[in-house]
Amino acid sequence: MTVSLCKHSFPIQPPHGSIVRPGPCVGCGITWDDCQADLARQEAALIDGSSHDGQCGHCDQTRRLYRWQPLRQPWDEPDYEPPITWLCAAGYDAATQAYNADIAAAMASGLSTP
């Protein structure tokens, strides 16, 4: 595994790229898709690497717990860090579904915050 210290910059103006399909990084040449896949791998490694046994906040049973943190939203304050919750696999799925439903409801109602 290679570690890149590049502060990626993906062009979005034709002919080098577009909003929906950014071009390769001007610093290191990595493609947008490869960069997104690498970020997903890093997130999965953080979740799996920090998992531990403990009391689940969702089902209140002793299970393997995983780090769950809601995504930052555009309306969040710049220095806001969403809270981290330790949940079992079922609780992780339930929290993700509930959070996605809250965001969908906020977007449907035209509100800028959930």
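Along the sequence shown, the residues carry numbers beginning at 1.
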Using every non-hydrogen atom in the two residues, find where [X] and [Y] come nearest and quote the distance to one decimal.
X: Pro70; Y: Pro83; value: CD-O, 3.4 Å
X: Cys56; Y: Cys88; value: SG-N, 3.4 Å
X: Met107; Y: Trp75; value: SD-CZ3, 4.0 Å
X: Gln55; Y: Thr62; value: OE1-OG1, 3.3 Å

Under 4.5 Å between side-chain heavy atoms, hopping through other hydrophobics if needed: is there a path connecting [X] to [Y]?
X: Leu65; Y: Leu46; result: no
X: Ile103; Y: Tyr92; result: yes
X: Val26; Y: Phe10; result: no

Problem set entry | With sequence neighbours excluded, residues passing ring pair (Phe, Tyr, Trp, His ring centres under 6.0 Å) with His16 | none
Seminar exercise, completed: dist Leu71:CG -> Glu43:CD (nearest 0.5 Å) comes out at 7.0 Å
For this session: Give, for atom CZ of Arg67 and atom NE2 of His52, the distance between the pair rounded to the nearest 0.5 Å.
Result: 12.0 Å
Exercise. Just checking, is any N or O donor in the side chain of Asp38 or Gln42 under 3.5 Å from an acceptor N or O on the other one?
Worked result: yes
Is [Y] close to [X] at the side-chain level, that is, under 4.5 Å between some pair of heavy atoms?
X: Asp33; Y: Arg21; result: yes
X: Cys35; Y: Cys25; result: no
X: Asp48; Y: Tyr66; result: yes

Problem set entry | Carboxylate-amine/guanidinium contact Arg41 Asp34, below 4.0 Å | no
Can any side-chain N or O of [X] pair as donor or acceptor with the backbone N or O of [Y] at less than 3.5 Å?
X: Asp76; Y: Gln73; result: yes
X: Gln69; Y: Ile84; result: no
X: Arg63; Y: Leu87; result: no

